[in-house]
Amino acid sequence: LASGQELAADHTVVAAGVWTPALWPELADRMWPVAQSVFHFRPEQIERFAPPRFTTWAADIAKTGWYGFPANADGLVKVANHGPGERVTPDASRETGAAAEQRLRAFLRESLPALAELPIAGSKRCLYCESWDGNFWLDRHPDCRGLSVAAGGSGHGFKFAPLIGEIVADRIEQRDNRFAERFAWRELGAQQREAARHAPGIDSGS
């Protein structure tokens, strides 16, 4: 701890997100931080962007990277990119920058013109902990007893929220499950990405 206090545990799980490869350098060639652009708008005619009329969407995401959500309880509509992103350091700026906004505006003018000229109510860069093959890294360290890692969500962590604790617990207690092999400690191979993450012309996040 920062105070200098030491805590003892039978097992420690490193679940540090984009800081994982910085804390665990041996994994730096297997996972790294990637920045993606996220924007919010507050339209005046909120009923046009509220469910069920306006729903969660993806705009041919394998070609554009763009997706979004209907207005939330605060009247904010989210538009974000799940493209190649920009490889960064874990302490990189969270500001989206002018280039990312220009790409966003160009997409909106073509696909959602009602949002295209609205002022941005908020924006940031969301950081993924990207793994070399796009899969989680949820397993015990093969050589360090009592040490595990839980990282490498690659932009899919939210979908696994109801399951991730159970999967990690299974690996710690060495119980088999359907994800055991896919998310196991593994050798580095050729980099792999889903279609949306490598298609040319998609927002770079910078």
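No experiment lies behind these values; they were computed from the predicted model shown. Heavy atoms only: backbone and side chains are in, while hydrogens, waters and symmetry mates are out.
Nearest heavy-atom pair, Pro84 versus Val34, reported as atom, atom and distance to 0.1 Å: O-CG1, 3.6 Å. Counting all heavy atoms, side chain and backbone alike, Leu118 lies closest to Arg105 at O-NH1, 2.6 Å. Between His82 and Ile61, the closest heavy-atom pair is CB-CD1, 4.0 Å. Contact detail for Thr96 and Ser123: the closest heavy-atom pair is OG1-OG, 3.3 Å. The nearest pair of heavy atoms linking Ser93 to Glu95 is OG-N, 3.1 Å. Closest of all the heavy-atom pairs between Val168 and Ala150 is CG2-CB, 3.9 Å.
Using modelled atom types, one side-chain atom of Thr64 and one backbone atom of Ala59 make a donor-acceptor pair closer than 3.5 Å. In this structure a side-chain-to-backbone donor-acceptor pair under 3.5 Å is present from Ser131 to Asn135. Distance alone, capped at 3.5 Å, is enough to place a donor-acceptor pair between the Asp139 side chain and the Trp185 backbone.
With sequence neighbours left out, Ser111 forms a side-chain contact (heavy atoms from CB on, under 4.5 Å) with Phe107. Annotation: salt bridge (charged side-chain N to carboxylate O under 4.0 Å, His left out) contacts of Arg30 (sequence neighbours excluded): Glu187. Residues meeting the salt bridge (charged side-chain N to carboxylate O under 4.0 Å, His left out) test with Arg94, sequence neighbours left out: none. By the side-chain contact (heavy atoms from CB on, under 4.5 Å) test, Asn177 is found to be paired with Ile167, Asp170, Arg171, Phe179, Ala180, residues two or more places apart in sequence or in another chain being considered.
Contact annotation: the side chain of Trp66 never approaches that of Asp60 to less than 4.5 Å [non-hydrogen atoms, C-beta and beyond]. In this structure, the side chains of Cys126 and Tyr128 come closer than 4.5 Å at one or more pairs of heavy atoms. No side-chain heavy atom of Thr55 sits under 4.5 Å from any side-chain heavy atom of Pro70. No side-chain heavy atom of Phe160 sits less than 4.5 Å from a side-chain heavy atom of Leu138.
A salt bridge does not link Arg87 to Glu130: none of the charged side-chain nitrogens sits closer than 4.0 Å to a carboxylate oxygen. A salt bridge links Arg125 with Glu86; the closest basic N to acidic carboxylate O contact falls under 4.0 Å.
Grouping the Ile, Leu, Val, Met, Phe, Trp and Tyr side chains by contacts below 4.5 angstrom, directly or via other members, places Leu127 apart from Tyr67. Linking ILVMFWY side-chain heavy atoms closer than 4.5 Å, directly or via other members, places Leu108 and Ile120 in a single hydrophobic cluster. In the hydrophobic cluster analysis, where Ile, Leu, Val, Met, Phe, Trp and Tyr join through side-chain heavy atoms closer than 4.5 angstrom, Val149 is grouped together with Leu188. One hydrophobic cluster holds both Trp137 and Leu147 under the rule that ILVMFWY side chains link at heavy-atom gaps under 4.5 Å. Residues Met31 and Phe136 do not share a hydrophobic cluster, clusters being chains of Ile/Leu/Val/Met/Phe/Trp/Tyr side chains in contact below 4.5 Å.
Annotation: Arg109, atom CZ; neighbour count of heavy atoms from other residues, nucleotides and ligands within 6.0 Å is above 12.
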Apply the test side chain to side chain contact (heavy atoms under 4.5 Å, CB included) to residues His11 and Arg140: give CA-CA distance (whole Å), side-chain angles for both, the deciding distance (0.1 Å), then the verdict. CA-CA 10 Å; His11 203 97; Arg140 288 171 167 251; 3.8 Å; yes
Residue pair Phe69, Phe54: steps toward the side chain to side chain contact (heavy atoms under 4.5 Å, CB included) verdict: CA-CA 8 Å; Phe69 295 91; Phe54 193 82; over 6 Å; no
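Taking CG of Asp133 as the reference point, atom OG of Ser154 lies at 7.5 Å (rounded to 0.5 Å). Note that the CD1 atom of Ile164 and the NE2 atom of His156 stand 12.5 Å from one another [nearest 0.5 Å]. One distance of note links OG of Ser37 with CD of Glu101; it measures 10.5 Å at 0.5 Å rounding. To the nearest 0.5 Å, atoms OG1 (Thr12) and CZ (Arg145) are separated by 13.0 Å.
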Donor-acceptor pairs are to be reported for all side-chain atoms of residues 40-49 against protein atoms at under 3.5 Å, with residues two or more places apart or in another chain.
residue, atom, partner, partner atom, Å
Arg42, NH1, Asp74, O, 2.6
Gln45, OE1, Arg48, NH1, 3.3

Side-chain atoms of residues 13-29: list all donor-acceptor pairs with protein atoms under 3.5 Å, sequence neighbours left out, distances to 0.1 Å.
residue, atom, partner, partner atom, Å
Thr20, OG1, Gly17, N, 3.4
Thr20, OG1, Gly17, O, 2.7
Trp24, NE1, Glu26, OE2, 2.9
Glu26, OE1, His141, NE2, 3.4
Glu26, OE2, His141, NE2, 3.1

